[in-house]
Amino acid sequence: MTNQRTIIISNRLPIKITGKREAMQYQSSEGGLATGLNSVYKQKDNIWIGWPGAIVEDAYKQQVRDKLKEQNLLPVFLTQEEINGFYEGFSNETLWPLFHYFPSYATFNPTNWNLYRTVNEKYAQVILEHIRPDDTIWIHDYQLMLLPGLIRKAMPNISIGYFQHIPFPSYEIFRSLPWREELLNGLLGADLIGFHTYDDVRHFISSVNRITNISGFTNELNVNNRSITVDSFPIGIDYNRYYQLAQEANTYRGELKIKQVTGDSKVLISIDRLDYSKGITHRLEAYRFLLERHPELHGKIVLLHVVVPSRDNVPKYKEMKEEMGKLISDINGKYSTLGWQPIHHFYRSFPPNILSAMYKTADVALVTPMRDGMNLVSKEYVASKTDETGVLILSEMAGAARELSDAVIVNPNNIWDVAEKIYMALNMPVEEQKRRMYAMQNTVKRFDVFNWVNNFMEKLQEVKEQQKALLTHTISKETQEKIHTTYANATRRLILLDYDGTLVPFHKQVNEAIPDAELIDILTQLTKDPANDVVIISGRDYKTLETWLGELPLDFIAEHGAWYKYNAENEWNTAPDLNTNGLPSIMQMMNMYTKRTPGAFIEEKSYSIAWHYRRVEKDLGNLRAQELISDVKHIVGDMGLQVLQGDKVVEVKSMYINKGKAVKRWLDKDNYDFIIAIGDDHTDEDTFKAMPAEAYTIKVGKNISAATYFLNSYKEVRKLLHDLCLDDNTLKQGNKQFALL
Ligand code: GDG
């Protein structure tokens, strides 16, 4: 067993230093995240790295390091300038508003960006000083988006997870960031990227597809030949802790105090950090509307309005605080009586027992953010309702709404509806309250924070193992030497080469993939040896292949096997059983799709039709291709046709032809003692499957494949082929020197 450690990294450590110099004090954070990660960083020699929440003078840094080390914590010290630019500036005035769909609040300041980058580099430096190659790193949140990339660069094989606690916005918002590509590339350094909801996952993948040249249909992305996963991991709370807290004596005492203030009134609570994303002013508007519309509630309800101070030196927060104060004073001013005040406002934080007492006392909890990654207050309320009564009104814009579907779900912008839903909640029969609360408690209990930590860590390990399994397929030095030796010793060789994507790069225009001088040279070298049968096996029409490569002594399989030609013969042959009766009606359908899809075009071959969408806007192309496939799928079977999806192409052809059947002709005609088959797309899988066990099968690009080995691009294929001829000559000269990929 190796001593594998987990290193947690976040902007802030789970403690905060208060006071200066000799008077420094270390206060633990209460947050749910700290509790959840306690189970990780306090174990063995795991560590949590982050900022200790205060500026520490140089002379005291070692003392802080020593003190924190006792608790498995490691500080990253920041200067005032760095806090201003990196934290308050770029993190909170650029990323936070954009990611919460407040683009007009976002500032784009290059100085802040530079400080964001510098601080991420600073974190990387501290990490790299302490990291071991078999450690697992778990980075938290949007302040450190560049960090995965920085660590990956220094340690290519290390295991890195990244979790983002705030939403990932849609591409249309994300694209407005001048530094969007740098941020994505930073995140893509991770092996596992986690968000709270599936929508965040979708948005992230869509931004990656559109902004970088990395693509992926699913939640697996191939980043420089590392397969990484993007997935949703909705965070939970420490359910048992909240449930128990609700039953402590101090909580009961808190409840009694609250009752002294609220009397017989029904109690509503609203608890948030000061933040425009939390929908505080909209909520107050809804409350005002409720009081206006339902005078019968006057004197009978009370709103406990807790706002925890946060970021109030950021201008937008200051503005919001003023607006909030004015609304509260307007409402209280207008509706208060000598014996009743509709809102009790607190701009402060409370100890956990008082918070728990508020949750317990509240008949209705108003959790109506404009956007929230998850929102823990909603889950804490549910866990604290030990008698199962109470109603949670929850914004559909909070990640929590995906799990807590038994809450009363609202759109926070619809303040009139929110007001009516509050009215409904106040009058909800106890039976219904209990039914809903019980269902939500089950969910919150099952998917608690420990479950979240385990799920994330297990998935990260799985991704890492998957990467290793894929690595076994890359061509090692030994395999390469084996290929060369078998080649050199063979007397009859069969070399099967797909064309597009295998020998030449993928072109936007199909007719631009003309063979260049380098390729002609390699094929000339290969075909020079009479022991070699070199077969170009392509989906292209035979005329194009003939025009481009007909001068060389090659064999050909065209149109996936509908046509074939031996070098020794001049004539092209057609395969038997070609069935094309249904193709005209397929053509009609494809024409319809071409009209609806700018950039799409049809390629008509003698025994098949291909619908290309390589020039179509990415998502539209994928959508139309799926539509087309589902339309034709039902009819092709009866026509003796089949539909194939290649790279940016949908092709319909006779059911009885494929590359695998076609290559059988070569396998049957000779006894080859060296066989190699190389291809990049779906249709080459038939070739791979038809190969005898001793053949070398190589897939270009990483995907699940029937091939035994992978190469990364046509360039590596060319190098392999070039080196085969070269080595053979070298071997013949008795000087064995292998050119390595
Ligand atoms: C970010 C994302 C995501 C509040 N008042 C008091 C107090 N609190 C505690 C609550 C809760 C926490 O603060 C607030 O958590 P939220 O999840 O509601 O919101 P953010 O701080 O914005 O958190 C969010 C979260 O990360 C986790 O991934 O859910 O979407 O924005 O735990 O209890 N705690 C104490 N006194 C208070 O007066 N002790």
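Counting convention: from 1, in listed order, for ligands and their atoms alike.
Near Val308, meaning under 4.0 Å from one of its heavy atoms, ligand 1 places the atoms 4 (C), 5 (N), 6 (C), 38 (O). For ligand 1 and Asn375, the ligand atoms under 4.0 Å from any heavy atom of the residue are 3 (C), 17 (O), 18 (O), 24 (C), 29 (O), 30 (O). For ligand 1, the atoms lying closer than 4.0 Å to a non-hydrogen atom of Gly373 are 30 (O). Residue Glu380 has at least one heavy-atom neighbour below 4.0 Å for each of these atoms of ligand 1: 10 (C), 11 (C), 32 (O), 33 (O). The Met374 neighbourhood of ligand 1 comprises atoms 3 (C), 24 (C), 29 (O), 30 (O), with distances under 4.0 Å to a heavy atom of that residue. In summary, the atoms of ligand 1 found under 4.0 Å from a heavy atom of Trp96, numbered by their order in the structure, are 31 (O).
Checked against a 3.5 angstrom limit, the closest N/O atoms of Ile235 and ligand 1 fall outside it. By the 3.5 Å distance cut-off applied to N or O atoms, Ile271 is not counted among the residues near ligand 1. Residue Ser349 has no N or O atom closer than 3.5 Å to an N or O atom of ligand 1. Taking only nitrogen or oxygen atoms, main chain and side chain alike, Arg348 does not reach within less than 3.5 Å of ligand 1. Residue contacts with ligand 1: Pro352 is placed with no nitrogen or oxygen under 3.5 Å of a nitrogen or oxygen of the ligand (distance criterion only). Residue His100 places no N or O, backbone or side chain, under 3.5 Å from any N or O of ligand 1. At least one N or O atom of His196, backbone or side chain, sits closer than 3.5 Å to an N or O atom of ligand 1.
Atoms CE and CG, on Met145 and Asn120 in that order, are 9.5 Å from each other to the nearest 0.5 Å.
For Arg5, the salt bridge (charged side-chain N to carboxylate O under 4.0 Å, His left out) partners are Asp135, not counting sequence neighbours. Scanning for side chain to side chain donor-acceptor pair (under 3.5 Å) contacts around Tyr359 gives Glu380, with sequence neighbours left out.
Distance alone, capped at 3.5 Å, is enough to place a donor-acceptor pair between the Asp200 side chain and the Thr197 backbone. For Asn250 (side chain) and Asn353 (main-chain N/O), no donor-acceptor pair under 3.5 Å exists by modelled atom type. Within the 3.5 Å criterion, the main-chain N or O of Ile160 finds a donor-acceptor partner in the side chain of Asp191.
The closest approach between any non-hydrogen atom of Phe233 and ligand 1 is not below 4.0 Å.
Here Arg175 pairs with Glu172 in a salt bridge; the nearest charged N to carboxylate O distance falls below 4.0 Å. Salt bridge present: Glu82 and Lys122 bring a charged side-chain N and a carboxylate O closer than 4.0 Å. Salt bridge Lys278/Asp275: absent, no basic N to carboxylate O contact under 4.0 Å.
Phe163 and Trp452 have perpendicular rings, their planes meeting at more than 60° on a 0 to 90° scale where under 30° would count as parallel.
Selection from Leu376, Asn353, Leu355, Val449 by nearest heavy atom to atom 34 (N) of ligand 1 gives Leu355.
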